[in-house]
Amino acid sequence: MKPSDSLASGKSKQPRVIIVGGGPTGLATALELGTRSIECLLVEREMRGGHAPRAKTTNVRTRELLRRWGIAEALAEASPFGIDYPTDVHFVTRLSGHSLTRFANALQGAPTRDDRYSEHGQWIPQYKLESVLRDRLTGLENVEIEYGCEFVSFDQDEAGVRVTLLSVSTGEERVIEADYLVGADGGRSAVREAMGAEMEGRSNLSRNYNIIFHAPGLGDAHAHGPGVMYWQVNPESPSVIGPMDEGDLWFFMPLTLPPEKTITDEEAVELIKRSTGIELPYRILSSDMWFASRLLANKYREGRVFLAGDACHLHPPFGGFGMNMGVADAVDLGWKLGAVLQGWGGPALLDSYEAERRPVHNLVMDEAESNHGTQPATLFRDGIEDEGPAGDAIRREVADIIATTKGREFYTLGVVLGLRYLGSPVIAEDGTEAEWRMSLDYVPSAAPGSLAPHGWLADGSSLYDQFGPGFTLLVFGNVETLGAEREAATTGIPLTIVRLDDSRLAERYEKPLALIRPDQHVAWRGDVWAPGMLAFAAGKVAAPPVATAAEANVG
């Protein structure tokens, strides 16, 4: 294709990747590519902002990825209540009523050092996360963000993809050529429609509202203590309510509403008063109706066009997985696109994106849908607010149900860190695949496809901080690595060698050698180097090599 003369905002270089969508997934994709020196253009129809966050949970894994980009501390500094604010989840009859039970340190939000991960979770509005991502992007000369720009269509051939974009303000269309197009444009993705993909699954599982309001003094007007969510189990309005941002901003979510039920701002104020039992001068700032669904795109790729984030998966927000899963999509796809564009990644690397992410999406969606099954309305019992022994007995009964059914929604480390890529064309499986089962309790594993087990090193640094931008070969003990070094030199595949004298980590990894990918997942492990393993893990050869002691050091 002939390069287009029409470049965004005078950009001096042709973008290699065009990203549609300026939410966390699109910003993270641009950041992953930009930090790898890949020219890219991100387009977004509207300047993002406002009061209504689409997510409030930045989980452990996402903050680890932010640490990888050097901005986890910036997110901590943006915390509206301070990083030490308790991420407790309370179940109550109402804010002015009885306490039922409490989940302390939900979502691993306490800023205490844990050997299992390098960063704790954080409760923060999504718009503040987006701001931190954008600020980091401003320092990358090879990334351009253009607002007021709408995706129209694309066409592609073996040489590249041509993307038609529309200026919202002027109505002018222009065509820009790139190597790849990424649709990170949300649940109503225009890129998904243009590539002929369809969402399959179950829609409209429930009908709900997300209401943001000003609530002066509400945090001090109840006796349940600080927290990030209060599940209100009462007949007036079964709902979730909680503090959202500085300036007494709160969110209120009436859940599982009947068909056709709408809520005006005036009705919302009355609902808040009745459901909390607290009379204050509330003021509604925004109100949005949303539907919980379980939907998955029937394909994530069409040639040079890819989908990521909500563009290819939608599920109930119970567990806080959605936005975080989109950031993980961005990293998986981003490093692979970067590797291919820089010449050290092969075609199997791009094939592996859907092969790895789709099964993970399905498992997480199952978990979110299961969490959706127990809501404040289903927990309500007549007499739950009565005083005396009878009311106490009902509250104990409901508290037992909550403990049995909802703990998995707020202690999610097994889902967040414990998922494993199985059946990937670029992971050298070792025969342990049939034994793997998803567990709510995270047990670190170095089995190929798993997230590399973390550990804090003797000098106080994180093991992950030792990983390079390409592949990393972890070495425990006196094992020869000359063959791996020669392979990296001859193939141009970036490799960092990290030798560790740490018996605790050696026990976790089980083998003296472990090849870690740029996304911190294990590609292979073994006793001696397998010549050709780098080429396989980078998608340049189809079959994984088998190591022998005699071949290990042959370059």
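Position 1 is the first residue of the sequence; numbering continues from there. Keep in mind that what you see is a predicted model, and the values were worked out from it rather than measured.
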What's the spacing between [X] [atom1] and [Y] [atom2] if we round to 0.5 Å?
X    : Y    : atom1 : atom2 : value
Y147 : S167 : OH    : OG    : 15.5 Å
H315 : N362 : NE2   : CG    : 11.0 Å
S450 : H521 : OG    : NE2   : 8.5 Å
H90  : S99  : NE2   : OG    : 7.5 Å
L257 : Y209 : CG    : OH    : 7.5 Å
N105 : T87  : CG    : OG1   : 4.5 Å

For the residue pair [X] and [Y], categorise the inter-ring angle as parallel (less than 30°), tilted (30 to 60°) or perpendicular (more than 60°).
X    : Y    : result
H454 : Y464 : perpendicular
F410 : F103 : tilted
Y85  : F81  : tilted
W250 : H222 : perpendicular

Taking atom types as modelled, find out whether [X] and [Y] have a side-chain donor-acceptor pair closer than 3.5 angstrom.
X    : Y    : value
H313 : D329 : yes
H120 : T112 : no
Q108 : R63  : no
T256 : Q375 : yes
S439 : D441 : no
E409 : H372 : no
D135 : T138 : no

Would you mind reporting whether [Y] and [X] have side-chain heavy atoms less than 4.5 Å apart?
X    : Y    : value
I212 : N210 : yes
I394 : D386 : no
L417 : R61  : yes
F154 : T164 : no
C312 : L296 : no
K261 : P259 : no
D84  : P111 : yes
K56  : M323 : no

[Y] backbone acceptor or donor facing [X] side chain under 3.5 Å:
X    : Y    : result
Q156 : E302 : yes
N371 : F318 : yes
D519 : V331 : no
N324 : T57  : yes
R136 : W69  : yes
R381 : T378 : yes
R283 : H214 : no
Y353 : L307 : yes
R358 : A297 : yes
T276 : I278 : yes

Nearest heavy-atom neighbours spanning [X] and [Y]:
X    : Y    : value
T25  : A308 : CG2-CB, 3.7 Å
T101 : A399 : CB-CB, 4.3 Å
P226 : D88  : O-CB, 4.0 Å

With sequence neighbours excluded, give me every salt bridge (charged side-chain N to carboxylate O under 4.0 Å, His left out) pair touching residues 200-228. R202-E369

D265/V269 under side-chain contact (heavy atoms from CB on, under 4.5 Å): CA gap, chis, key distance, verdict: CA-CA 6 Å; D265 286 358; V269 168; 5.9 Å; no

Derivation of the side-chain contact (heavy atoms from CB on, under 4.5 Å) call for E119 and L66: CA-CA 9 Å; E119 292 289 340; L66 266 63; over 6 Å; no

Is atom CG of N204 surrounded by more than 12 heavy atoms (other residues, nucleotides or ligands) closer than 6.0 Å? yes

Please determine whether the number of non-hydrogen atoms from other residues, nucleotides or ligands lying under 6.0 Å from atom CD of E385 exceeds 12. yes

Before giving the answer on side-chain contact (heavy atoms from CB on, under 4.5 Å), spell out for E150 and L165 the whole-Å C-alpha distance, their side-chain angles and the decisive distance to 0.1 Å. CA-CA 6 Å; E150 187 176 68; L165 301 173; over 6 Å; no

Table please: side-chain donor-acceptor pairs of residues 232-249 below 3.5 Å, with sequence neighbours left out.
| from | atom 1 | to | atom 2 | distance (Å) |
| --- | --- | --- | --- | --- |
| Q232 | OE1 | L95 | N | 3.1 |
| Q232 | NE2 | S239 | OG | 3.1 |
| Q232 | NE2 | S275 | OG | 3.3 |
| N234 | OD1 | E236 | N | 3.2 |
| N234 | OD1 | S237 | N | 3.0 |
| N234 | ND2 | T93 | O | 2.8 |
| N234 | ND2 | S275 | O | 3.1 |
| E236 | OE1 | R94 | NH2 | 2.8 |
| S239 | OG | S237 | O | 2.9 |
| D245 | OD1 | K128 | NZ | 3.1 |
| D245 | OD2 | Y127 | OH | 2.5 |
| E246 | OE1 | K128 | NZ | 3.4 |

Got a salt bridge between [X] and [Y], using NZ or NE/NH1/NH2 to carboxylate O under 4.0 Å?
X    : Y    : result
E354 : R301 : no
E64  : R68  : no
R294 : D366 : yes
K336 : E356 : yes

Can you list the steps and then say if N208 with S206 is a side-chain hydrogen bond (donor to acceptor under 3.5 Å, both in side chains)? CA-CA 6 Å; N208 318 274; S206 66; 3.0 Å; yes

List the steps, then state whether side-chain contact (heavy atoms from CB on, under 4.5 Å) holds for L129 with L75. CA-CA 7 Å; L129 169 64; L75 191 73; 3.9 Å; yes

Pairs in or reaching into residues 261-306: which pass ring pair (Phe, Tyr, Trp, His ring centres under 6.0 Å), with residues at least two apart or in two chains? F213-Y282, Y300-H361

For D400 and R396, run salt bridge (Lys or Arg N to Asp or Glu O under 4.0 Å): C-alpha distance rounded to whole Å, both residues' side-chain angles, the deciding distance at 0.1 Å, then the answer. CA-CA 6 Å; D400 288 342; R396 284 195 299 269; over 6 Å; no

